[in-house]
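Notes follow the structure.
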Protein chains: 2
Amino acid sequence: MQKAVIEKNNETIAAQLTPVGRETVQDRVYSELRRALIGGLFEPSQVLTIRGLADALVTSTMPVREALGRLITEKALEALPNRSVRVPPITLERIDDLLRARSLIEGEAIALAATRMNSRQIASVEAMLGEWDEMRALKHKKDIDREATLNQSFHFEIYRCCGSAVLIPMIESLWLQSGPCIRVAIYAFSDAGEVDTAHYHRSIVAALAKQDAQAAREALVADISRPFAFLRDKLQSTARKD
Amino acid sequence: MQKAVIEKNNETIAAQLTPVGRETVQDRVYSELRRALIGGLFEPSQVLTIRGLADALVTSTMPVREALGRLITEKALEALPNRSVRVPPITLERIDDLLRARSLIEGEAIALAATRMNSRQIASVEAMLGEWDEMRALKHKKDIDREATLNQSFHFEIYRCCGSAVLIPMIESLWLQSGPCIRVAIYAFSDAGEVDTAHYHRSIVAALAKQDAQAAREALVADISRPFAFLRDKLQSTARKD
DNA sequence: GTTATTGATTTGTGATCACACTTGCTTTGA
DNA sequence: TCAAAGCAAGTGTGATCACAAATCAATAAC
């Protein structure tokens, strides 16, 4: 068999098969911890132990310690002087700090995206709006995890269009850092009454459709400010009580 | 001996002793690799091996692999599908991307710092200006490493005044990512002739002294744009030759 | 002479072990 | 009764080993 024929054959096979992608245990542990952090499954100030997580994830300590180290450098976790690690506690300064950074960077990302998104991409995020309404209509009881996931997908679908390989990892890091805080706020939200996230998302999509970068930035800032502002008030009122 | 006396005694001792601070091998390896990366000791596209670095740093592979993992999550290094790691190659898109991100975030940091710095802090960075001139006057031959270190100290001395615990790690990550690129540009600079970094730094300090946030931001952007613009031109001309 | 195959070396990954430090509880002494 | 010393369990860190995958060189086949 000639070489050309073999290569052609291989190409045909390659076109039909999807790459399996050798994923290491460390990567899975890292992704899992990320998911838990962004989703707010860990509480602020909660301490994590390597062996404890290794047991929970049914692996050895090795992949866990590597994943923890990575999360610490991203400031998603905090290394105490005792050499134990915890999820960073919530403080007023930290909330303001995170909101400012997120407004700055995610605002820039969406402003860039607004000038770059094609009609197909806009249609894609518009479709997610419908998904949101659908979820709301079907189930009366609020599925917070589902909402959080959908919210995340919506935002990153947009950010991916900004065309910056530098900004996106920074945004991921910011979500990682604000995840535990946000979740606290969301829980408080759902007690305090209804908030229409879909409304904010609609105004974002409207701005994107008009390719209005400034309007998109403002709509986004309004969207992400809500939980932070809520959490801020809550924290201040509890602080006054002490 | 009563408890109070003992405690008083301990306090006296504590006042005279400086904490030794248990530093792990992993931390030292990480700092060392950071220093090398920011200083541009590694070339873009250079591949690094765990065992190679472990031998060079005279430790086992364990601290090195952990440090490498951390640097990869910061995008300071790149994990190839072969599971080998290299310092990211320079591309035109990456240069523009990094410059935009740095202008945005470092610009915000210096704008915040401009409104917050007290006279003592301003005097401190002003003193670094003098240090720069001094270095220039004394030695005719250019000490690139010394200049780079001084430049880094100057910038971060200012950024530290912005009062954001979120922005500063992001800036560090950006310096880590642009370090290898910058160094290439600096080397080209020193061949191409003199550039007066001190001039740009003086205009930054002048803006800070006036508490003019906008002027400080613009002066900073002018300062950090230079090597990027230079590198950009150089890359475009070499690309045309091919 | 060029291409394919085989084998050796190198490299990353994960598991396990040894050691040092921390933490919390128990025991001891005043 | 209470505080301090001592002990034991738990935890992070680093070293070493085993294994699988990748890389490279040399040999064999056409």
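Each chain gets a letter, A, B and so on, in the order the sequences are listed, and its residues count up from 1.
Sorted by first then second residue, the side-chain hydrogen bond (donor to acceptor under 3.5 Å, both in side chains) pairs that include residues 155-170 of chain B, not counting sequence neighbours, are A/Asp97-B/Ser164, B/Glu106-B/Tyr159, B/Ser124-B/Glu157, B/Asn151-B/His155, B/His155-B/Asp223, B/Glu157-B/Arg160.
Both tests hold for A/Arg102 against A/Trp175: distance to the six-membered ring centre under 6.0 Å, angle to the ring axis within 45°.
OP1 and OP2 of C/dC21 both lie 4.0 Å or more from every side-chain N or O belonging to A/Arg83. Of the side-chain N and O atoms in A/Gln26, none sit less than 4.0 angstrom from OP1 or OP2 of C/dT13. OP1 or OP2 of D/dT11 has not a single side-chain nitrogen or oxygen of A/Asn82 nearer than 4.0 Å.
Ion pairing between B/Glu74 and A/Arg70 fails under the 4.0 Å rule for side-chain N and carboxylate O.
When the C1' atom of D/dT23 is taken as reference, atom CZ of B/Arg86 falls 17 Å away, rounded to whole Å. Rounded to whole Å, the distance from CG on B/Leu68 to C1' on C/dT13 is 13 Å. A straight line from CE of A/Met62 to C1' of D/dT11 spans 14 Å, rounded to a whole angstrom. A/Leu80 places its CG atom 13 Å from the C1' atom of D/dG12, with the value rounded to the nearest Å.
Put simply, the side chain of B/Arg65 and the base of C/dG14 share a donor and an acceptor less than 3.5 Å apart.
Taken from CG in A/Leu104 to CE in B/Met170, the straight-line distance is 9.5 Å, to the nearest 0.5 Å. Within the model, atoms CD of B/Glu78 and CG of B/Leu48 stand 11.5 Å from one another, a figure rounded to the nearest 0.5 Å.
In this structure, B/Thr61 reaches the bases: a heavy-atom distance under 4.0 Å links it to at least one base atom across the strands shown.
Sorted by residue number, the members of residues 42-55 of chain A with any non-hydrogen atom under 4.0 Å from DNA chain D read A/Leu48, A/Thr49, A/Ile50, A/Arg51.
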Apply salt bridge (charged side-chain N to carboxylate O under 4.0 Å, His left out) to B/Arg100 and A/Glu108, showing your working. CA-CA 10 Å; B/Arg100 179 176 50 214; A/Glu108 180 75 7; 5.2 Å; no

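Of the candidate nucleotides C/dA15, D/dT13, D/dA22, C/dA15 has the atom nearest to the side chain of A/Pro63.
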